[in-house]
Trainee: 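Can you read through this structure? Questions will come right after.
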Amino acid sequence: MSQSYNPKVIEKKWQQVWQDEKAFAATEDYSKPKFYALVEFPYPSGQGLHVGHPRPYTALDIVARKRRMQGYNVLYPMGWDAFGLPTENYAIKNKIHPRIVTKNNVARFKGQLQALGYSFDWDREVNTTDPNYYKWTQWIFLKLFKAGLAYKSEMPINWCTSCKCGLANEEVVNGVCERCGSEVVRKVKSQWMLKITAYADRLIDDLDTVDYIERVKVSQKNWIGRSNGAEVEFSIKDKEEKLKIYTTRPDTLFGVTYMVVSPEHPYLDKYKDEIKNWDEIIAYRELAAKKSDFERTELAKDKTGVQIDGLTAINPVNGEEIPIWVSDYVLMSYGTGAIMAVPAHDERDWEFAKKFGLPIIEVIAGGNADEAAFTDVATGTLVNSGFLTGMSVADAKEAIINWLVEKGVGEAKRNFKLRDWVFSRQRYWGEPIPIVKCPKCGFVPIDESELPLELPEVENYEPTDNGESPIAKIRDWVETTCPCCGSPAERETDTMPQWAGSSWYFLRYIDPTNDEALASPEALKYWLPVDWYNGGMEHTTLHLLYSRFWHKFLYDEGVVPCPEPYQKRTSHGMILGENGEKMSKSRGNVVNPDDIVNDYGADTLRTYEMFIGAFDLAASWSEDGVKGCRRFLDRVWKLQDIVNDKTGYSKDLETKIHQTIKKVSSDFETLKYNTGIAAMMALINDYYKAGSITRDDFNVLLVLLNPVAPHITEELWSIMNYGGRVYQTSWPEYDEAKTVENTVEIGIQVNGKIRGSVKLPKDVSKEDAIKAAKEVVADKLTDNIIKEIYVPGKIINIVCK
RNA sequence: GCGGAUGUGGCGGAAUGGCAGACGCAUCAGACUCAAAAUCUGACGGGGGCAACCUCGUGUGGGUUCAAGUCCCACCAUCCGCACCA
């Protein structure tokens, strides 16, 4: 009898062996086919690993281990996204330097990950807070600056009242801070911005060249929000200046009955003296400014506004005079901050017109303007529209744009919802922005040879109420000389957002200790693009978009060899608590992976997280489910007792084994880990039924199971004296011909209902099959047989009246 | 409102248009045990029948097909994004 399965002992043992043998190091052998598997590196928080982390890590570990056995040179690295606010806040509260906090957290995370037996190449570990790493983050920033893609701008930003820090648009969720949930207000500040909008078109168009799951592509497209329309200039009565608007429906120009400018529109101040109801306008503007963005959208249904008394616009297509209103349903930040209103064919304009009694002119037939705006662009025909009358919407769009261009009052224009990336943070624990502010020369980049520009030592990291970074108080760091003219100057004191370091980390894994470049061109050429990148859906419009932007920029600069960083992107579902709710301390449903490893073993945790359900859907934790997976591994362990000394597959098990190899091989590549494991469970059930199995029956199971449960399989391999290690062996092949049973049981239907079944040789002829079937269901048939259907190996259907 | 996803036993979940419920959990019965746990064996969608068997059944209502959980149309519910983007 075998000894009992003791994961505590064998897991530590094999983790040590793999480390000593450098089992999973990616090599510099560029002649081999490569496979770069990537998972999002964690933020090493003080809470330690969450049971959500192992789900994606195990999934790609399975793929990585399988690919190694298939002869690939595999790069599967891990590192730390360690800059960021929680660490800094913890440091402030406990008076410990963030560097120390980070170091401790990383040590804990690393220990936890190693206890799970991942095949990460730990020699390539990176840490975004390491000066040798952020040297290159700063280097990329300098490149962006020199290319004109980093600029400083005085603009209203999202200010988190609790973090005392500016946020990117992507970090504001429902008007509150994504991280801490506190209110976000608008604050005008001078901020570093990155011109991601310059890449908007390419960020959409190149999605066609990569293999991302559809919902990621859709989210990115929606976030970038490209729309095609036209800019049109309306003249203002008795004024030189024109009022420019953006519209996606230039075809409805004859239906314009009024115009609207946003409360922040510069024309208001400009024509201050001529606006007769200026007091009213100012009052409205102040009211609008007081509303947070959140309120402005929450109260969306209820339109407000004031007509400007003293300014009148003229419709360029028919010369009609139309009133101009101010309303906060028009945003200064999109298009031109002014619109033409066509209430008959736009819901918002329709509501506004109804509320203020403005005229509604139908220019597209098909709707009822008394009841609702008619917005269907596919079916309508133009009416009341001069030379456009009778055209389809599509034709009218083209015709009117041509007309606008001809008359010089408009042109085709595409717009994006995407805004430039607010890149400044007024906090300590981030990469310093390597720029010097010179009174004479303006913003001057520091010389590349000065990199890394290291963070100064600070006594007190408290954020300041005036919105300045804590670094600003370190005068001997701030005060410097201008790299350009040598005059006294000051360093930029804002730091970069957490998204900076994570925008390019996958490049550094390729060549993590290079001092000359962020990575060598040869290595980049070999390893890029990442073959398979898995990460959370919550990063779709943040990290994933930002890193694609940086990568495209580096491609334009000739630093990287391909325009897209990730060939394939998949996403895992969340792991929820036993009660189906998100795990959180306050709900008291948090599961600690350490406890599971302790009580059941790492292999059980890995197996369970893969077996829990469809990989891309959310799944609820179940301690009973964990037990079931441990039971499975116990049964695998005890198989050693029924192994005989024969070789080759057992005759009765051969078909099943070939079927299982086929199923597991494909399921591991297609995120169907749960059914792959189920197939192995079914296989060992058959092994036990057989009572005795050969050395090869057992051997093949160990190889198939190894990527999921590497420790137990390695131990059994060693016990059985198969020679070498499982990780060094080859992935098993299957013979397609042997995946089919010689005799198959075929269901028999009469008029589409199952009435029986019959066992037949797999290559039986249709005639023989039907004949055999008729005997089985003879009493259910009539003489009038209309149709006989035989699907080989599947079903027989006899249709009769 | 727009976009995306999901809906199958008591539960997690399987099913290239071809015998719905694989695999696992829970439950029940039996074996082992003084006993319990562990382990092993068996049963396990609903209704009817002693039984062979019959019948209903994949959110709802229609449709296509010899055959629909799967395809088409129209709904309902839940979850997740986005949300006055002109």
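Just so it is clear: chains get the letters A, B, ... in the order the sequence lines come, proteins before strands, and each one is counted from 1.
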Trainee: Determine the interatomic distance between P on B/rA74 and the same-named atom on B/rA26; round to the nearest Å.
Mentor: 44 Å
Trainee: Where the side chain of A/Ile795 is concerned, which of B/rG18, B/rU39, B/rA14 is the nearest nucleotide?
Mentor: B/rG18
Trainee: Looking at A/Asn685, does any N or O in its side chain come under 4.0 Å of the phosphate oxygens OP1/OP2 on B/rG24?
Mentor: yes
Trainee: Heavy atoms only, 4.0 Å cut-off, all strands: where does A/Thr541 land among base, sugar-phosphate and nothing?
Mentor: nothing
Trainee: Choosing from B/rC19, B/rA86, B/rC23, which nucleotide comes nearest the side chain of A/Phe611?
Mentor: B/rC23
Trainee: Give A/Ile789 one of three labels, base, sugar-phosphate or nothing, depending on what nucleic acid heavy atoms sit under 4.0 Å from its own.
Mentor: base
Trainee: Starting from C1' on B/rC79, measure out to NZ on A/Lys582 and report it in whole angstrom.
Mentor: 13 Å
Trainee: Rounded to the nearest angstrom, tell me the gap between atom NZ in A/Lys217 and atom C1' in B/rG81.
Mentor: 19 Å
Trainee: With a non-hydrogen cut-off below 4.0 angstrom, is A/Arg630 in contact with a base, only sugar-phosphate, or nothing?
Mentor: nothing
Trainee: Whether A/Lys787 contacts B/rC66 is assessed here as follows: a side-chain N or O lying under 4.0 Å from the phosphate OP1 or OP2. Is that the case?
Mentor: yes
Trainee: Suppose we define a pair by two distances each less than 3.5 Å, Watson-Crick or G-U wobble; what does B/rG45 pair with here?
Mentor: B/rC56
Trainee: Classify the nucleic acid contact of A/Thr248 as base, sugar-phosphate or nothing, counting any heavy atom under 4.0 Å across all strands shown.
Mentor: sugar-phosphate
Trainee: Given the P atoms of B/rG47 and B/rG9, what is the spacing between them in whole Å?
Mentor: 15 Å
Trainee: What about the rings of A/Tyr608 and A/Trp621, do their centers lie closer together than 6.0 Å?
Mentor: yes
Trainee: Would you kindly check if the NZ (Lys) or CZ (Arg) of A/Lys766 is within the cone defined by 45 degrees around the ring axis of A/Tyr790 and under 6.0 Å from the six-membered ring centre?
Mentor: no
Trainee: Searching all strands shown, indicate the nucleotide that pairs with B/rC2 (Watson-Crick or G-U wobble; both distances under 3.5 Å).
Mentor: B/rG81
Trainee: Tell me what A/Gly335 touches on the nucleic acid: a base, only sugar-phosphate, or nothing, going by heavy atoms under 4.0 Å.
Mentor: nothing
Trainee: For A/Glu745, answer base if it contacts any base atom (sugar-phosphate contacts may also be present), sugar-phosphate if it contacts only those atoms, and nothing otherwise; contact means non-hydrogen atoms under 4.0 Å.
Mentor: base
Trainee: For atom C1', what is the distance between B/rC73 and B/rU78, given to the nearest Å?
Mentor: 22 Å
Trainee: Please check the phosphate of B/rA15 (OP1 and OP2 only) for any side-chain N or O of A/Lys672 closer than 4.0 Å.
Mentor: yes
Trainee: Take atom P in B/rA22 and the same atom in B/rC76, then report the distance between them in whole Å.
Mentor: 34 Å
Trainee: Base, sugar-phosphate alone, or nothing: which one does A/Arg755 contact when heavy atoms must sit under 4.0 Å apart?
Mentor: sugar-phosphate
Trainee: Could you check B/rG9 for me: syn (within 90° of 0) or anti?
Mentor: syn
Trainee: Looking at B/rG18, B/rA86, B/rC82, which one has an atom nearest to any side-chain atom of A/Trp223?
Mentor: B/rC82
Trainee: Please report the distance, rounded to the nearest Å, between CD in A/Glu538 and P in B/rC79.
Mentor: 19 Å
Trainee: Over all strands shown, is A/Val791 touching base, sugar-phosphate only, or nothing at heavy-atom distances under 4.0 angstrom?
Mentor: base
Trainee: Mind checking A/Asn222 for me? I need base, sugar-phosphate or nothing, with any heavy atom below 4.0 Å counting as a touch.
Mentor: sugar-phosphate
Trainee: When we call it a touch if two heavy atoms are under 4.0 Å apart, what does A/Ile612 touch: a base, just sugar-phosphate, or nothing?
Mentor: sugar-phosphate
Trainee: What is the nucleic acid contact for A/Ala341, judged by heavy atoms within less than 4.0 Å: base, sugar-phosphate only, or nothing?
Mentor: nothing
Trainee: For B/rC23, give its Watson-Crick or G-U wobble partner with both distances under 3.5 Å, or none.
Mentor: B/rG12
Trainee: Between B/rG45 and B/rA14, how many Å separate the two C1' atoms, rounded to a whole number?
Mentor: 15 Å
Trainee: With no angle test and no hydrogens, is the base of B/rC84 tied to the side chain of A/Lys303 by a donor-acceptor pair under 3.5 Å?
Mentor: yes
Trainee: Give the ring-plane orientation class for A/Phe352 versus A/Phe356, where under 30° counts as parallel, over 60° as perpendicular and anything between as tilted.
Mentor: tilted
Trainee: Would you indicate what A/Asn674 reaches in the nucleic acid, counting non-hydrogen atoms under 4.0 angstrom: base, sugar-phosphate, or nothing?
Mentor: sugar-phosphate
Trainee: Would you measure the distance from the C1' atom in B/rA15 across to the matching atom in B/rA67 and give it in whole Å?
Mentor: 16 Å
Trainee: If you take atom types as modelled and just measure distance, does the side chain of A/Asn797 reach the base of B/rC66 with a donor-acceptor pair under 3.5 Å?
Mentor: yes
